[in-house]
Amino acid sequence: MKAIQVGLLGIGTVGSGTFNVLNRNQEEIKRRAGRGIEIAMVADLDTARAQSVVGDKVKVVNDARAVIANPDIDIVVELIGGYGIARQLVMEAIEAGKHVVTANKALLAVHGTEIFAAASAKGVMVAFEAAVAGGIPIIKALREGLTANSIQWIAGIINGTTNFILSEMRDKGLDFDVVLKEAQRLGYAEADPTFDIEGVDAAHKATIMSAIAFGIPVQFDKAYVEGITRLGAVDLKYAEQLGYRIKLLGITKRTAKGIELRTHPSLVPAKRLIANVEGAMNAVMVQGDAVGTTLYYGKGAGSEPTASAVIADLVDITRLHTADAAQRVPHLAFQPDAMSDLPVLPMSEVVTSYYLRLRVADEAGVIAKVTGILASQSISIDAMLQREADEVGGEGSTQTDLIILTHDTVEGTMNAAIAQMQALPTVLAPITRIRKEELA
Ligand code: HSE
């Protein structure tokens with residue numbers, strides 16, 4: 001049988017990896033897929049570079065629409081990124097009856113509902129394993145491997161850039177700005193790292209996982225997003241002293257009131273496996289009612305790890321494209337007419353525990369006032385740590401850090417308590433609040 005024909009839109013890092021891995025492993029992939037998978041056409045603005053990657057036998061053009069319009073192409077792989085032209089091209093490819101593979105988490109987190117609806121109407125597949133956690137097959141695990149389960153929660157380190165920065169901050173005792181510059185110099189962080197360090201990239205991925213886990217529409221606009229830019233090395237140090245590590249987690253959780261969907265730095269017990277995921281690696285924990293806790297670990301980015309996910313999608317489509325559309329795995333795991341209308345909760349209704357760091361005057365009665373405010377809001381303290389003033393501010397210092405770990409409370413209640421504590425004249429700097437997840 002003739003090989004299935006694939007057109008690539010964009011051949012940068014992931015596209016090159018896809019081409020190389022497909023070539024290298026073509027015999028095994030063919031034995032698995034049931035027929036060959038061939039990259040027949042590539043669109044890239046830099047045609048000379050693209051041609052040098054794929055050689056003379058593959059047609060290279062600078063117009064993505066020429067790939068979409070080619071009747072021989074069965075699958076279009078979108079590797080352009082962003083929500084602009086990529087969105088138009090994906091919609092046009094679907095309209096042209098092509099199956100689509102994409103690594104574009106931003107596009108799916110924001111416009112997924114429209115894209116999946118168009119694909120279902122047209123009877124084509126949109127596959128996106130590479131969009132979440134790169135080479136880790138977490139979409140496959142959630143959508144198929146864990147299909148027996150009522151998923152309770154997912155918590156993932158799903159941004160390698162920020163995990164690298166946090167690992168360096170902890171190892172070397174350096175502050176965020178210093179480590180970011182070094183990460184950029186080494187190529188671990190982009191020249192414009194905004195989406196990574198502000199938590200947006202991780203929130204895109206958490207949004208996609210949330211939709212698949214709970215059968216809700218993708219709703220990035222409802223996600224709470226907080227990055228790592230305000231973390232100090234001192235917080236990582238205090239967390240360590242209390243038995244925790246700080247990780248940027250993408251979290252989505254089922255509660256009695258609705259779905260939590262949030263990305264923010266979190267204290268995680270140092271003894272958890274996920275707390276020991278270092279450098280640019282990714283890991284996702286999934287809690288299902290039947291299976292219990294599962295953990296998926298691997299490379300979340302990079303040429304061949306991401307290509308591994310793209311090619312898995314190509315194989316899936318190759319196996320299934322002649323099947324009745326109703327027999328295929330639904331895009332978001334649940335049948336389109338069986339989606340849930342569970343609300344995504346505002347952050348003020350989220351329940352979690354907290355790490356608070358207060359820079360306070362080292363004088364009588366300060367702790368009593370602070371703990372009095374927490375007690376008045378019915379916030380229970382789990383642990384407290386106060387360093388000697390000399391250690392914090394140098395010899396003769398009259399200031400110190402007070403670190404408080406709380407039990408679970410509602411975020412809105414914690415906001416009110418922080419506002420009251422911040423108003424105390426003996427609280428000398430903005431209070432640092434980091435959420436804490438036991439992940440038990
Ligand atoms: N920028 C992402 C990261 C990789 O740092 O993990 C692509 O999703």
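Both counts, for ligands and for their atoms, begin at 1 and track the order of listing. Hydrogens, waters and symmetry mates play no part in the numbers below; they use all other heavy atoms, side chains included.
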Is it true that R87 and E114 make a salt bridge, defined as a side-chain N closer than 4.0 Å to a carboxylate O? yes
By number and element, which atoms of ligand 1 are closer than 4.0 Å to a non-hydrogen atom of A301? 4 (C)
Salt bridge between R262 and E437, side-chain N to carboxylate O under 4.0 Å? yes
Salt bridge R31-E28, side-chain N to carboxylate O under 4.0 Å: no
Y297 and N282: side-chain donor and acceptor closer than 3.5 Å? no
Can you report which non-hydrogen protein atom sits closest to atom 1 (N) of ligand 1, along with the distance? D196 OD1, 2.9 Å
Under 3.5 Å, is there a donor-acceptor pair linking the side chains of Y354 and E411? yes
For D201, atoms of ligand 1 separated by under 4.0 Å from a heavy atom: 2 (C), 8 (O)
Indicate whether any N or O donor in one side chain lies under 3.5 Å from an N or O acceptor in the other, for E278 and S167. yes
N/O to N/O below 3.5 Å, does that happen between T161 and ligand 1? yes
Contact between K205 and ligand 1, counting heavy atoms under 4.0 Å? yes
Which atoms of ligand 1 sit under 4.0 Å from any heavy atom of K105? 7 (C), 8 (O)
Is there a polar contact, in the sense of an N or O pair closer than 3.5 Å, between G160 and ligand 1? yes
